[in-house]
Undergrad: 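If you scroll down you'll find the structure; I have some questions about it.
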Amino acid sequence: MSENPLNDMGRAAREASHVLAELNTAERNALLERIAAELPAAEEAILAANAEDLAEAEASGLAPAMLDRLLLNEARLKALAADVRQVAGLHDPLGEVVDGHDCPSGLSLIRKRFPLGVVAAIYEARPNVTVDTAVLCLKTANAVILRGGKETRRSNAALVAALHLALAAEGLPRACVQAVLDPDRELVTALLHLDEHVDMLIPRGGPGLHRLCREQSRIPVITGGIGVCHIFVDAAVDTPKALAVIANAKTQRPSVCNAVETVLVHNRIAAAFLPALAAHLAPLGVTLHASENAAPYLSGALCPVVPLDPAWLDKEHLTLDLNVHVVADPDEAVAHIRAHGTGHSDAVLTEDMRTAELFIRRVDSAAVYVNASTRFTDGGQFGLGAEVAVSTQKLHARGPMALEALTTYKWIGRGAYTIRD
């Protein structure tokens, strides 16, 4: 079998990870501050590259939600630099002692945090992920290999060039951050087979990408980021406050994975709540997709209402479209979420704390909210800084994956020339 075409990249990343592991906290933070300065300095080149990507993506018919994810502008670039500085200011988990104890044998054991080594990320039309992922990896002394979608190749090249300038200024190898910019899809498979050099793979994209990585990767995969998120409106609810939460969860940024896609309404309040919801969302441009049992309550709705295609219960709209369905009680709401949710973010709006506790216990998602928008499932909102993904798995990491999720640990045993009996 021929050698993997990315082997040289993998070897270089491994060597670079050893260099990063020797840096102390202050040195890694200085690198991040340098990156935060290089991004605005390279603004003209980055935005010009992004404009070319956008023009090509529009011409090829890329969906509006994906175009929004692809877009970089002055404000977003400034926000990216601010996020980098925020990560620089976060607590450094490396060297942290997780726990420990003294054994009867006389051996003293501790568990201590160390870098993973080399991380790979495969993602689609989101150039901000290039910076977020690289910065979190560098903060935790991990080298990173990035493979963005073909729609972002010019933007990613310009962003990585700025990162390389920062690395060079700090006397560090370019291989600390590498990008697979060739759009050849065979290179995705090659990256999935780079297990000799890469310690963890993070895919960020649609179900097809996640399925490909789970089926073909030889590297441990952390999957997540697909958010069929729900809000259950209980009978005991403060309606005006609930309407504001739903509007935020749907419209604040509809193209992201923590936007709500389905609202479940208790049948005891459906006759009053659904028309109020339609009236509240109408000025915001939302179209309601009404199930058969919700449609009768929306005959005079002020916003567009279309029949709900059941297939959409299992998919992300990522647009100003919202599914609405009526349920008999909290048990039916939980059953619906179990059947159609992706384990990302789900919420209950209620004044009954017994219902809230039932919802928390029974809904098995990475983030469960009581009387709050699903839009909070975000590294920055959780106080974790930028994130590399939102994991919907249960092993190693769950929810927003920030610094701790990019570390592993070692058991360190100290003895007095101790031997086992």
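These values consider heavy atoms only, across backbone and side chains, with no hydrogens, waters or symmetry-generated copies.
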Undergrad: Could you go through residues 383-391 and list every donor-acceptor pair under 3.5 Å that involves a side-chain atom there, pairing it with any protein atom two or more places apart or in another chain?
TA:
{"residue": "Glu387", "atom": "OE1", "partner": "Gly379", "partner atom": "N", "Å": "2.4"}
{"residue": "Ser391", "atom": "OG", "partner": "Gln393", "partner atom": "N", "Å": "3.1"}
{"residue": "Ser391", "atom": "OG", "partner": "Ala397", "partner atom": "O", "Å": "2.8"}

Undergrad: Check whether any side-chain heavy atom of Glu316 lies under 4.5 Å from a side-chain heavy atom of Cys257, and answer yes or no.
TA: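 Yes, side chains in contact.
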Undergrad: Check this for me: does any side-chain nitrogen of one of Asp199 and Arg14 sit under 4.0 Å from a carboxylate oxygen of the other?
TA: yes
Undergrad: Taking Arg85 first and then Glu33, would you say they form a salt bridge - that is, a charged N and a carboxylate O separated by under 4.0 Å?
TA: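 Yes, Arg85 and Glu33 are salt-bridged.
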Undergrad: Minimum heavy-atom separation for Leu284 and Leu320, please, with both atom names.
TA: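 So the two residues come closest at O-CD1, 3.6 Å.
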Undergrad: Can you tell me how far the OG1 atom of Thr374 sits from the NE2 atom of His344, to the nearest 0.5 Å?
TA: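 With rounding to 0.5 Å, OG1 (Thr374) is 9.0 Å from NE2 (His344).
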Undergrad: If you look at every heavy atom in Ala143 and Ala175, which pair is closest and at what distance?
TA: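 Closest pair (atom of Ala143, atom of Ala175, distance): CB-O, 4.2 Å.
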Undergrad: What pair of heavy atoms forms the shortest contact from Ser345 to Cys229, and how long is it?
TA: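 Nearest pair, atom of Ser345 first, then Cys229: O-CB, 3.0 Å.
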Undergrad: Rounded to the nearest 0.5 Å, what's the gap from CG on Asn323 to OG1 on Thr287? Could you check?
TA: 11.5 Å
Undergrad: Rounded to the nearest 0.5 Å, what separation is found between the CZ atom of Arg147 and the CG atom of Asn156?
TA: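 These two atoms lie 10.0 Å from each other.
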Undergrad: Kindly check if the number of other-residue, nucleotide or ligand heavy atoms within 6.0 Å of CD (Gln216) is above 12?
TA: yes
Undergrad: Quiz question: by atom type and distance under 3.5 Å, do the side chains of Thr350 and Asp352 form a donor-acceptor pair?
TA: no
Undergrad: Measure the acute angle between the ring planes of Trp312 and His317, then classify it against the limits of 30° and 60° as parallel, tilted or perpendicular.
TA: parallel
Undergrad: Could you tell me whether Lys315 and Glu261 make a salt bridge, using a distance below 4.0 angstrom between a side-chain N and a carboxylate O?
TA: no
Undergrad: Are any of the side-chain nitrogens in Asp92 or Arg28 under 4.0 Å away from the carboxylate oxygens of its partner?
TA: yes
Undergrad: Taking 4.0 angstrom as the limit, do Arg113 and Glu404 come out as a salt bridge?
TA: yes
Undergrad: With a 4.0 Å cut-off, would you call Lys394 and Asp364 a salt bridge?
TA: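 Salt bridge: yes.
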Undergrad: If the condition is side chain to side chain donor-acceptor pair (under 3.5 Å), which residues does Thr408 pass it with, not counting sequence neighbours?
TA: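 Result, side chain to side chain donor-acceptor pair (under 3.5 Å) vs Thr408: none returned.
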Undergrad: Looking at Val188, Val221, Val180, which hits side chain to side chain contact (heavy atoms under 4.5 Å, CB included) with Ile122?
TA: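 Single side chain to side chain contact (heavy atoms under 4.5 Å, CB included) partner of Ile122 among Val188, Val221, Val180: Val188.
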Undergrad: Is the closest side-chain heavy-atom distance between Pro304 and Leu288 below 4.5 Å?
TA: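 No; the side chains remain at least 4.5 Å from each other.
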Undergrad: Quick one: closest heavy-atom pair of His266 and Ala235, and the distance?
TA: CB-N, 3.6 Å
Undergrad: Would you say that more than 12 heavy atoms from the other residues, nucleotides or ligands in this model lie under 6.0 Å from the CZ of Arg76, or not?
TA: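 Yes.
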Undergrad: Taking the side chain as C-beta and beyond, is there a heavy-atom pair between Glu56 and Arg154 under 4.5 Å?
TA: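 A side-chain contact under 4.5 Å exists here.
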Undergrad: Would Asn4 and His193 count as having a side-chain donor-acceptor pair, cut-off 3.5 Å?
TA: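 On atom types as modelled, these side chains do not qualify, holding no pair under 3.5 Å.
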Undergrad: How many angstroms lie between atom CG of Leu201 and atom CZ of Arg214, to the nearest 0.5 angstrom?
TA: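 One gets 12.0 Å once the value is rounded to the nearest 0.5 Å.
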Undergrad: Do Leu159 and Thr152 have side chains that approach each other closer than 4.5 Å (heavy atoms only, starting at C-beta)?
TA: no
Undergrad: Taking the basic N atoms (NZ, or NE/NH1/NH2) and the acidic carboxylate oxygens, is any pair closer than 4.0 Å for Asp132 and Arg126?
TA: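 The answer is no: the pair does not qualify as a salt bridge.
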Undergrad: Is it the case that more than 12 heavy atoms not belonging to Phe114 sit under 6.0 Å from its CZ atom?
TA: yes
Undergrad: Report yes if some heavy atom in the side chain of Leu94 is under 4.5 Å from a heavy atom in the side chain of Pro115; otherwise report no.
TA: yes
Undergrad: Are Arg362 and Asp331 ion-paired here, with the side-chain N under 4.0 Å from a carboxylate O?
TA: yes
Undergrad: Any carboxylate oxygen within less than 4.0 angstrom of a Lys/Arg side-chain nitrogen, looking at Glu3 and Arg11?
TA: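 Salt bridge present between Glu3 and Arg11.
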Undergrad: How long is the gap from CD1 on Ile231 to OG on Ser373, to the nearest 0.5 Å?
TA: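 Between Ile231 CD1 and Ser373 OG, I get 6.0 Å after rounding to 0.5 Å.
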Undergrad: Say you draw a straight line from CG of Leu80 to CD of Glu43; how long is it, rounded to the nearest 0.5 Å?
TA: 11.5 Å
Undergrad: Side-chain donor-acceptor pair under 3.5 Å between His289 and Asp321, yes or no?
TA: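 There is such a pair (donor and acceptor under 3.5 Å, judged by atom type) between the side chains of His289 and Asp321.
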Undergrad: Assess, by modelled atom type and distance only, whether the side chains of Thr130 and Tyr123 contain a donor and an acceptor separated by less than 3.5 Å.
TA: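 Yes, because at least one side-chain N or O of Thr130 sits under 3.5 Å from a partner of the opposite role on Tyr123.
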Undergrad: Does Arg111 qualify as a cation-pi partner of Tyr409, given the criterion of NZ or CZ under 6.0 Å from the six-membered ring centre and within 45 degrees of its axis?
TA: yes
Undergrad: Run the ring pair (Phe, Tyr, Trp, His ring centres under 6.0 Å) test against His340 and tell me which residues pass, sequence neighbours left out.
TA: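 His340: ring pair (Phe, Tyr, Trp, His ring centres under 6.0 Å) contacts with His336.
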